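The structure under discussion appears below in the form of structure tokens.
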Amino acid sequence: MDFKLLAKDTHSQARAGEITTAHGVIQTPIFMPVGTVGSVKAVPQSQLHKDVKAQIILGNTYHLYLRPGTDILQQAGGLHQFMGWDKPILTDSGGYQVFSLAGKRKLSEEGALFQSHIDGSRHMFSSETVMDIQRKIGADIIMAFDECPPYPSDYAYAKKSMELTHRWLARCVKRLAETEALYGYEQSLFPIIQGSTFKDLRQISSKFIASMECDGNAIGGLSVGEPEDIMYEMCGLCCDALPQEKPRYLMGVGTPWNILECIALGVDMFDCVMPTRNGRNGMLFTSKGIINIKNKKWENDFSPIDEGIDCESSNFYSKAYLRHLFVSNELLALNIASVQNLSFYLHLVTQARQHIQQGDFKNWKDNIIPQLKHRL
RNA sequence: GGGUAGGUGGCCGAGUGGUUAAAGGCGGCAGACUGUAAAUCUGCUCACUCACGUGUACGUAGGUUCGAACCCUACCCUGCCCA
């Protein structure tokens with residue numbers, strides 16, 4: 001994997017760059033749609049290409065391991081082949097499931113003992129198993145196994161958890177070095193900064209993560225319920241401590257304005273379930289603001305969903321029609337809303353990139369954010 | 001004409017003397033959702049009042065009772081069966 005820094009904003013830390021992987025180029029800053037189980041929910045691969053213009057998508061190690069399982073993925077020749085996606089893929093390690101499935105797991109030095117949310121069966125996830133599974137999935141970018149502590153966490157717990165994540169990281173790096181890619185192309189490991197909302201822990205973690213000299217670095221443990229300003233503070237602090245010449249990935253963030261603010265702090269990559277999940281629940285992100293399409297006020301609004309972006313379904317279908325599909329529980333609603341939101345997110349980061357290259361990103365961002373937050 | 005079952009809030013449907021402004025579902029109106037256990041979850045949904053509360057409500061009209069959606073009488077209406 002290769003990262004080229006192409007431009008820097010004049011009044012912020014925002015950067016424009018280019019990541020080159022075995023499956024193609026990613027122009028940063030970038031938003032990566034989440035496709036947990038090998039599917040960006042409700043959106044076919046063809047639309048990810050044509051309408052959303054996704055450059056890279058996410059998969060999840062924990063979920064793919066449980067279903068369809070590594071045997072099937074290996075037989076298919078890896079996740080790219082299996083799902084018919086020839087652009088880059090990033091897999092999360094299952095570290096987030098250590099957090100979100102907290103009730104179904106036991107932590108130890110060795111790793112996390114999970115109870116499957118599907119059938120209750122028990123599975124041990126460790127640095128080694130997670131690296132091996134990600135070899136079999138075959139994503140271009142793979143994530144280190146980490147613990148994502150909840151918010152709020154007390155200092156002692158946050159420190160202990162961070163140190164565990166660091167020890168797990170060392171094991172991930174070692175395991176990856178001892179094994180080979182299965183499908184003939186390189187896989188890059190990204191380590192993850194933790195440290196909850198404590199500045200000194202974030203500093204320590206950033207330094208440690210950077211010292212591993214991986215191809216890129218990730219900021220984890222944010223957007224788990226903490227106030228936005230704390231998230232920005234932690235994010236900025238991590239970015240400042242990370243090397244310039246490597247991509248920075250802020251995991252799980254966020255709203256459109258979160259993304260712009262964090263681009264300004266120096267983040268290059270984002271992922272979030274918000275555009276897809278909230279879309280399926282009737283919340284639309286558009287270039288004019290936020291729409292709850294189930295609300296009665298859209299009943300007879302026959303204007304296009306969002307004319308501000310270059311996406312066929314956003315221009316073709318009306319708000320009134322999409323509302324009708326939601327109210328009628330029609331499956332097409334889920335697709336249109338998800339495609340709208342993802343297209344908007346990708347459009348937003350593309351615009352951000354252009355403004356960074358022009359050097360006026362900060363000004364543009366400050367002007368556009370009130371509009372992004374505006375509820376229509 | 002005879003018999004029989006039944007008429008409950010926008011709809012369907014529980015409830016058969018007090019704890020019932022009336023279960024539950026649907027429909028309706030809002031809100032939440034941030035490395036996906038999520039096509040999910042949470043409120044509200046008779047009227048007036050910020051609220052305490054008050055007033056109307058279980059086909060209609062009477063009656064019994066301290067007290068009725070629930071018991072009695074008459075009437076109206078609906079489904080089904082027989083002529």
Side-chain angles (χ1 to χ4, degrees), chain A residues 31-43 56-64 66-67 90-105 114-120 130 139 141-151 165 190-194 218-228 231-232 235 248-259 261-262 267 269-285 290 292-299 322-323 325-338 341 345 375:
Chain A
F31 177 80
M32 309 180 280
V34 178
T36 308
V37 296
S39 157
V40 175
K41 293 187 194 299
V43 184
I56 170 173
I57 61 173
L58 249 72
N60 184 279
T61 302
Y62 167 82
H63 289 279
L64 289 168
L66 288 181
R67 235 171 17 196
L90 180 154
T91 41
D92 186 25
S93 60
Y96 186 75
Q97 279 61 45
V98 176
F99 162 75
S100 67
L101 299 174
K104 291 185 171 290
R105 128 250 114 156
F114 280 107
Q115 209 171 347
S116 160
H117 67 279
I118 298 167
D119 63 5
V130 162
I141 299 172
I142 65 180
M143 302 306 297
F145 190 51
D146 67 332
E147 190 205 349
C148 176
Y151 177 83
T165 289
F190 279 27
I192 304 169
I193 300 169
Q194 290 293 348
I219 303 163
L222 292 178
S223 64
V224 288
E226 77 283 4
E228 279 189 348
M231 177 180 94
Y232 296 144
C235 176
R248 304 165 184 154
Y249 164 29
L250 176 57
M251 307 183 76
V253 173
T255 62
W257 52 95
N258 286 163
I259 288 173
E261 294 292 9
C262 293
V267 175
M269 305 162 73
F270 300 86
D271 80 281
C272 190
V273 303
M274 192 172 275
T276 41
R277 179 189 289 167
N278 290 29
R280 288 195 306 282
N281 293 330
M283 184 175 183
L284 304 182
F285 296 98
I290 293 171
N292 183 344
I293 198 66
K294 292 185 196 169
N295 286 180
K296 193 176 180 62
K297 61 197 290 192
W298 306 112
E299 191 174 41
L322 181 54
R323 175 182 140 86
L325 294 178
F326 265 105
V327 168
S328 309
N329 232 321
E330 281 295 320
L331 295 179
L332 183 55
L334 310 181
N335 171 257
I336 296 173
S338 300
N341 286 350
Y345 267 62
R375 298 214 163 223

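Per chain, numbering begins at 1; letters A, B, ... match sequence-line order. Worth knowing before you read on, the calculation uses all heavy atoms, side chains too, and leaves out hydrogens, waters and symmetry mates. Model, not experiment: these values are computed from the prediction.
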Considering only B/rC33, B/rU36, B/rA32, which nucleotide approaches the side chain of A/V273 most closely?
-> B/rU36

Looking at the side chain of A/N60, which of B/rA32, B/rU36, B/rG35 is the nearest nucleotide?
->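 Between B/rA32, B/rU36, B/rG35, the one nearest the side chain of A/N60 would be B/rU36.
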
Under 4.0 Å, heavy atoms only, any strand: does [X] hit a base, just the sugar-phosphate, or nothing?
| X | result |
| --- | --- |
| A/L331 | base |
| A/L250 | nothing |
| A/Q194 | base |
| A/R375 | sugar-phosphate |
| A/V327 | sugar-phosphate |

Any side-chain N or O of [X] under 4.0 Å from OP1/OP2 of [N]?
| X | N | result |
| --- | --- | --- |
| A/R280 | B/rU40 | no |
| A/N295 | B/rA30 | yes |
| A/R67 | B/rA37 | no |
| A/S223 | B/rU34 | no |
| A/Q97 | B/rG35 | no |

May I ask you to decide if the ring planes of A/Y345 and A/F285 are parallel, tilted or perpendicular, using 30° and 60° as cut-offs?
-> perpendicular

Any N or O donor-acceptor pair linking the side chain of A/T276 to the base of B/rU36 at under 3.5 Å?
->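 Flag set: donor-acceptor pair detected.
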
Return yes if the base of B/rG31 and the side-chain atoms of A/N292 contain a donor-acceptor N/O pair under 3.5 Å, otherwise no.
->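 There is none.
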
Check whether the ring centres of A/Y62 and A/H117 lie less than 6.0 Å apart, and answer yes or no.
->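 Centroid separation for A/Y62 and A/H117: below 6.0 Å.
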
Whichever of A/G252 and A/K296 has the more 5' nearest nucleotide on RNA chain B, that residue is A/K296

